[in-house]
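Structure, as structure tokens:
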Amino acid sequence: MASLAELDGVELRGATDERSAGFTACGWAAQSQAPVAVCVTSGSALLNLHPAVAEAHYRHLPLLIISADRPASWIGQQDGQTLPQPGCFGPLCRMSVQIPEAAEESWHRNRLLNEALLELTHRAGGPVHINMPLSEPLFATTEEPLPTPRIIRRTELARMNADEETELLDTVAACPRRLILLGQLPTDAQIPPSLAAEKAFAIIGEHLCNTALAITQPDAVLGPEPEAEMSPDLLITYGGCIISKRLKTLLRNNPPREHWHICPDGAVVDTFCNLTRVIEGDPAELWELLSAFAEEGDETYAERWLTPVPVPQFPYSSMQLVGDTLGAMPEGSVLHLANSSAVRFAQLYPLPADTQVECNRGVNGIEGSLSAALGYAMGDSRPQYIICGDLSFFYDMNALWLQGIPAQVKILLINNGGGGIFDYIPTPDNPLVNGRHQATASGWAQSCNFEYLNVHSEHDWPAALAALTTPGNRPVLVEAFTDSAKDASFFKQFNAQY
């Protein structure tokens with residue numbers, strides 16, 4: 001309370017009894033139709049707010065509970081005013097956040113505070129709890145002036161008024177370098193072509209964005225050392241996970257002036273640590289607004305993303321097998337990619353027209369890739385291509401036992417004897433880490449009525465590729481054996497050049 005009293009523009013009301021303070025804040029919030037904070041010390045002081053929190057919950061009052069706390073290490077150690085405070089109000093709070101103390105957690109701290117404050121009035125609104133552990137010294141702090149905090153705002157498209165539209169369009173006008181970055185999406189994002197052609201938005205993604213208008217090989221455009229000028233003034237993101245570390249590094253190290261994230265449920269997703277606005281709702285409404293009213297941006301910036309990308313050439317390796325398979329797929333296929341190496345190698349190559357790309361990128365795990373792909377394939381009549389590594393396959397090999405696997409399923413299993421991804425990063429060559437093995441899928445695949453072929457060299461590959469791309473009356477599994485060390489060497493050499 002003493003610290004708040006030092007701030008300009010903060011109206012304070014004092015109450016000695018915490019239970020009374022909580023209800024006083026409820027009344028103030030109801031009268032003002034605005035958020036009101038109630039601040040208490042640690043320990044049982046906080047618990048006295050429980051009745052007021054319950055009242056605010058059921059009346060949807062924007063009551064902000066700010067509680068001081070002792071460091072987590074002292075909870076339960078017979079030290080004064082200590083009890084487990086985070087989440088103590090349970091489901092009565094719309095959100096409960098624990099603010100980290102460490103100096104290096106400044107981004108995390110800022111993001112949590114923004115999330116909590118936004119939730120106070122989100123949709124119906126309601127109480128939110130911010131718990132703040134504090135270490136000694138608690139008085140006579142010397143940091144002055146305080147740093148300017150980042151403020152994340154939320155725009156709800158369904159409730160947007162003319163003033164908010166003007167604010168968005170003014171921001172776009174002040175940001176000539178504009179980039180729309182698409183993450184994983186189930187279907188085309190349906191972005192009007194005029195955004196790229198007339199408003200000079202660069203529209204990029206990866207194969208998982210499933211959007212024909214997007215540039216889907218951003219790593220090849222950026223090169224091994226992306227230039228800071230490739231970062232935009234305005235970044236608009238939509239969709240799920242981004243694979244590219246180059247993109248993440250570029251946008252985190254060279255933050256855009258504005259970063260808007262479109263999210264249908266209004267969640268705060270701050271992948272690049274510089275989010276400034278959450279756009280809640282159907283992205284089509286934002287595309288329509290921008291394409292109709294936004295001023296033209298920097299064409300030179302957009303053109304830099306149109307740099308022609310060469311198709312890589314590798315000797316016999318996992319990368320070559322993936323590239324040849326993608327190039328030979330018929331148009332209109334569905335491509336299922338396992339995580340780890342498979343999804344990264346696929347990014348090196350262009351895809352045939354109208355290819356639908358699926359992958360378990362929700363949490364990026366290697367388990368379940370085969371089952372998810374076959375579950376999709378059994379309800380879709382298009383050609384179905386599955387590319388996976390050996391660990392993904394053997395984790396999930398029982399999927400081949402599923403009944404009703406259609407004949408249009410074609411599986412490329414790349415077997416390099418373990419977790420090949422660990423050869424690309426500096427980790428010890430430990431079989432417990434890398435999952436080294438000598439297993440093969442041959443017996444199991446054939447017993448599950450798959451047409452099975454194996455590949456050990458470039459001489460075996462043409463016949464296997466023909467089996468993958470020729471319609472038949474049984475599903476096909478091609479197991480291609482590669483050398484993990486050679487794969488890693490070829491891939492590192494390529495990344496150093498492109």
Side-chain angles (χ1 to χ4, degrees), residues 4 7 10-11 21-40 46-47 49-69 84-101 105-133 149-161 164 167-168 237-238 240 258-283 286:
L4 290 173
L7 298 177
V10 176
E11 184 179 351
F23 280 104
T24 300
C26 284
W28 194 359
Q31 178 271 321
S32 64
Q33 295 293 295
V36 174
V38 55
C39 302
V40 297
L46 175 63
L47 302 185
L49 295 178
H50 217 129
V53 172
E55 180 71 12
H57 172 78
Y58 287 108
R59 290 178 62 190
H60 299 287
L61 297 172
L63 178 66
L64 176 61
I65 304 99
I66 303 176
S67 55
D69 198 358
Q85 294 184 188
C88 66
F89 300 114
L92 295 177
C93 271
R94 292 178 58 84
M95 177 174 284
S96 178
V97 298
Q98 171 92 341
I99 303 302
E101 281 195 272
E105 294 280 357
S106 60
W107 163 75
H108 187 200
R109 205 162 36 239
N110 174 269
R111 194 199 80 211
L112 289 174
L113 289 169
N114 272 288
E115 285 187 78
L117 295 174
L118 285 171
E119 198 61 24
L120 280 168
T121 54
H122 187 211
R123 299 179 181 174
V128 166
H129 178 202
I130 297 175
N131 192 60
M132 306 185 71
R150 172 184 59 153
I151 298 175
I152 301 174
R153 293 175 170 82
R154 179 185 279 119
T155 296
E156 297 182 46
L157 294 173
R159 299 167 58 187
M160 185 168 58
N161 57 36
E164 289 179 299
E167 181 184 0
L168 292 183
T237 54
Y238 173 53
E258 289 278 331
H259 174 198
W260 302 351
H261 181 67
I262 306 171
C263 195
D265 63 0
V268 175
V269 180
D270 192 16
T271 304
F272 307 109
C273 309
N274 48 52
L275 184 68
T276 55
R277 187 180 297 270
V278 178
I279 306 286
E280 178 177 345
D282 183 350
L286 181 63

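Bear in mind the structure is a predicted one, so any value in this text is a computation, not a measurement.
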ask   = With under 30° as parallel and over 60° as perpendicular, where do the rings of His259 and His261 fit, or are they tilted in between?
value =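 Ring orientation of His259 relative to His261: perpendicular.
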Rounded at 0.5 Å granularity, tell me how far [atom1] in [X] sits from [atom2] in [Y].
| X | Y | atom1 | atom2 | value |
| --- | --- | --- | --- | --- |
| His57 | Cys26 | NE2 | SG | 12.5 Å |
| Cys273 | Arg150 | SG | CZ | 7.5 Å |
| Arg154 | Glu115 | CZ | CD | 9.0 Å |
| Leu47 | Phe89 | CG | CZ | 7.0 Å |
| Glu258 | Asn274 | CD | CG | 10.0 Å |
| Ile66 | Ile99 | CD1 | CD1 | 9.5 Å |

inquiry  = Tell me whether Asn110 contacts the main-chain N or O of Ser106 through its side chain, where contact means a donor paired with an acceptor under 3.5 Å.
reply    =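 Not at all, since once roles are kept as given, no pair shorter than 3.5 Å links the two residues.
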Residue among Val278, Thr237, Leu168 satisfying side-chain contact (heavy atoms from CB on, under 4.5 Å) with Trp260 =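 With Trp260 as partner, side-chain contact (heavy atoms from CB on, under 4.5 Å) holds for just one option, Leu168.
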Return the minimal non-hydrogen interatomic distance between [X] and [Y], and the atom names on each side.
| X | Y | value |
| --- | --- | --- |
| Leu46 | Cys88 | CD2-SG, 3.5 Å |
| Leu275 | Asp270 | N-OD1, 2.8 Å |
| Gly22 | Ala52 | C-CB, 3.4 Å |

Ignoring hydrogens and angles, write down the donor-acceptor pairs under 3.5 Å from the side chains of residues 116-131, residues two or more places apart or on other chains.
{"from": "Glu119", "atom 1": "OE2", "to": "Arg94", "atom 2": "NE", "distance (Å)": "3.4"}
{"from": "Glu119", "atom 1": "OE2", "to": "Arg94", "atom 2": "NH2", "distance (Å)": "2.6"}
{"from": "His122", "atom 1": "NE2", "to": "Glu280", "atom 2": "OE1", "distance (Å)": "2.6"}
{"from": "His122", "atom 1": "NE2", "to": "Glu280", "atom 2": "OE2", "distance (Å)": "3.4"}
{"from": "Arg123", "atom 1": "NE", "to": "Glu280", "atom 2": "OE2", "distance (Å)": "2.9"}
{"from": "Arg123", "atom 1": "NH2", "to": "Asp265", "atom 2": "O", "distance (Å)": "3.3"}
{"from": "Arg123", "atom 1": "NH2", "to": "Glu280", "atom 2": "OE2", "distance (Å)": "2.7"}
{"from": "His129", "atom 1": "NE2", "to": "Ser67", "atom 2": "OG", "distance (Å)": "2.7"}
{"from": "Asn131", "atom 1": "OD1", "to": "Ser67", "atom 2": "OG", "distance (Å)": "2.6"}
{"from": "Asn131", "atom 1": "OD1", "to": "Gln85", "atom 2": "NE2", "distance (Å)": "2.7"}
{"from": "Asn131", "atom 1": "ND2", "to": "Asp69", "atom 2": "OD2", "distance (Å)": "2.8"}
{"from": "Asn131", "atom 1": "ND2", "to": "Gln98", "atom 2": "OE1", "distance (Å)": "2.7"}

inquiry  = Could you go through Leu286 and Ile262, starting from their C-alpha distance and side-chain angles, then the distance that decides it, and tell me whether this counts as side chain to side chain contact (heavy atoms under 4.5 Å, CB included)?
reply    = CA-CA 9 Å; Leu286 181 63; Ile262 306 171; 3.6 Å; yes
Mind checking whether [X] and [Y] have side chains closer than 4.5 Å, heavy atoms only?
| X | Y | value |
| --- | --- | --- |
| Pro264 | Asp282 | no |
| Leu112 | Pro100 | yes |
| Val36 | Leu64 | no |
| Ile65 | Val53 | yes |

query = How far apart are the C-alpha atoms of Glu105 and Arg111, what are their side-chain angles, what is the distance that settles it, and do they pass the salt bridge (charged side-chain N to carboxylate O under 4.0 Å, His left out) test?
reply = CA-CA 10 Å; Glu105 294 280 357; Arg111 194 199 80 211; over 6 Å; no
key: Pi-cation contact, Trp107 with Arg109 (under 6.0 Å, within 45°)   =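 Negative - Arg109 is either too far from the ring of Trp107 or too far off its axis.
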ask   = Between the side chains of Glu164 and Thr155, does any donor sit under 3.5 Å from an acceptor?
value =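 No, because no side-chain N or O of Glu164 sits under 3.5 Å from a partner of the opposite role on Thr155.
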